[in-house]
K.L.:
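Questions regarding the structure given below will be posed in turn.
Each chain gets a letter, A, B and so on, in the order the sequences are listed, and its residues count up from 1. The model shown is predicted, which means the values in this text are computed figures rather than measured ones.
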Protein chains: 2
Amino acid sequence: MKEQNISRATIDRLPLYFRTLRLAQDEGIDIISSETLGNRLNITPEQIRKDLTSFGQFGKKGVGYYVNELKRCIGDILGLNNHWNIAVIGIGHLGEALANYQNFASMGFNLVALFDTDKEIIGRVVSHIRVSDMTDLKQIIEEKNISIGVIAVPAQFAQAVADQLVEAGIRGIWNFAPVKMDVPASVQLVNEDLSVGLSRLSYFISSARDSQ
Amino acid sequence: MKEQNISRATIDRLPLYFRTLRLAQDEGIDIISSETLGNRLNITPEQIRKDLTSFGQFGKKGVGYYVNELKRCIGDILGLNNHWNIAVIGIGHLGEALANYQNFASMGFNLVALFDTDKEIIGRVVSHIRVSDMTDLKQIIEEKNISIGVIAVPAQFAQAVADQLVEAGIRGIWNFAPVKMDVPASVQLVNEDLSVGLSRLSYFISSARDSQ
């Protein structure tokens with residue numbers, strides 16, 4: 001099922017397909033056309049067919065895709081069916097927002113631990129989970145089989161937190177701090193930069209204005 | 001300076017270039033090579049040269065790019081030099097995290113208003129701005145010349161907020177709510193889906209495991 005050489009752009013679209021298929025499943029839809037999928041996602045049907053044919057045949061020609069089958073397959077490709085356990089480090093506003101983000105659970109991620117260094121925050125319950133002390137990080141990551149660490153601490157502390165996560169045996173880091181982070185090649189790193197979305201919007205507004 | 005037919009992938013990389021150039025500028029660097037830029041961003045020098053040549057000549061062959069000139073040009077392309085005024089709607093944890101996000105200011109966006117419907121939240125001061133009542137949205141958007149609305153409300157309220165923003169004459173919406181939103185073609189919409197980053201990480205971890 002796993003394919004090599006999937007483009008980054010396609011990998012970025014797969015979670016959108018997965019989520020749309022899940023919503024379609026909830027609506028009781030069995031078969032969905034590339035036109036309907038495209039309309040729900042603002043992606044052309046041609047692009048969708050191109051993305052999905054690279055993974056094999058899930059469609060019924062002239063009718064559409066089998067929702068359950070396609071969703072399961074995309075979940076397999078993305079590794080979502082592993083139901084990774086995740087931890088959020090840094091329970092400020094961003095960390096708390098991430099801990100409460102409903103979409104993660106619906107994508108198959110299990111939030112199982114929260115960490116902070118602030119005595120005022122340790123012990124608080126957020127999203128049904130008690131915030132742990134950073135000094136217990138390694139022990140809890142091992143005990144709870146946590147694969148993914150989400151870094152939501154201020155920039156100046158981010159590398160030190162990453163080092164602790166690596167030392168604790170984490171497999172992936174999702175970093176929200178605006179820093180260039182160094183981790184060993186064995187640990188997967190995805191940097192989330194919120195200013196990218198806002199800059200894209202700025203670009204679109206500028207282009208629209210120029211063409212008016 | 002404005003170019004047509006810039007790929008979405010290139011537009012997504014431009015803010016990363018802009019930010020890295022800004023940091024280089026802060027460090028007093030006048031000329032930067034595509035190798036150094038690439039190393040700071042985990043992007044190949046070939047990709048960087050390809051992205052940047054499409055906008056014209058900013059480099060000194062065999063030496064590197066002029067930092068100030070290239071940064072100003074990318075800022076022009078992205079429309080960042082317009083210094084858009086923005087408002088955040090929904091001051092829960094996500095809204096408060098966004099209001100406090102330092103990177104927006106450094107990219108040239110001015111946060112000038114915050115809105116909520118909750119009487120407990122209206123009047124609070126977040127990031128030096130007093131939270132306004134949603135009933136004053138249209139008036140404040142006009143008075144403060146706000147171009148971009150950031151939607152950080154729960155999913156079920158997101159479309160109604162978007163409708164109010166459109167009615168108030170907003171030019172761009174940056175939507176964090178996990179819903180398919182309808183806005184007129186004259187309003188630019190960028191949907192931010194945080195589960196995409198986490199799913200990408202899941203994919204990388206799964207691929208790494210498979211290849212071990």
K.L.:
Under 4.5 Å from any heavy atom of chain B, what part of A:Arg13 do you find: side chain, backbone, both or neither?
P.N.:
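No part of it gets close to chain B.
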K.L.:
Please classify the contact of B:Leu201 with chain A as side chain, backbone, both or neither, using a heavy-atom distance under 4.5 Å.
P.N.:
both
K.L.:
Can you confirm whether B:Trp174 sits close enough to B:Gln188 that some side-chain heavy atom of one is under 4.5 Å from a side-chain heavy atom of the other?
P.N.:
no
K.L.:
Under the criterion side chain to side chain contact (heavy atoms under 4.5 Å, CB included), which of B:Ile170, B:Ile148, B:Asn110, B:Leu98 is the partner of B:Ile86?
P.N.:
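Among B:Ile170, B:Ile148, B:Asn110, B:Leu98, the one that satisfies the side chain to side chain contact (heavy atoms under 4.5 Å, CB included) with B:Ile86 is B:Ile148.
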K.L.:
Heavy-atom cut-off 4.5 Å, strictly under: side chain, backbone, both or neither for B:Phe176 against chain A?
P.N.:
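Looking at B:Phe176, backbone and side chain both touch chain A.
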K.L.:
Counting only heavy atoms closer than 4.5 Å, note whether A:Ile11 contacts chain B via side chain, backbone, both or neither.
P.N.:
side chain
K.L.:
Please tell me if the side chains of A:Asp193 and B:Arg19 come closer than 4.5 Å, counting only heavy atoms from C-beta onward.
P.N.:
yes
K.L.:
For each of A:Leu198, A:Val187, A:Val190, tally heavy-atom pairs with chain B at distances under 4.5 Å, and name the one with the top tally.
P.N.:
A:Leu198
K.L.:
If you count heavy-atom pairs within less than 4.5 Å of chain A, which of B:Leu41, B:Asn100, B:Ile173 leads?
P.N.:
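Winner by heavy-atom pair count: B:Ile173.
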K.L.:
Between B:Lys71 and B:Gln25, is the side-chain hydrogen bond (donor to acceptor under 3.5 Å, both in side chains) condition met? List the steps.
P.N.:
CA-CA 9 Å; B:Lys71 172 173 168 275; B:Gln25 209 175 31; 3.2 Å; yes
K.L.:
Does a side-chain heavy-atom distance below 4.5 Å link B:Gln164 with B:Met134?
P.N.:
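Side-chain contact under 4.5 Å: yes.
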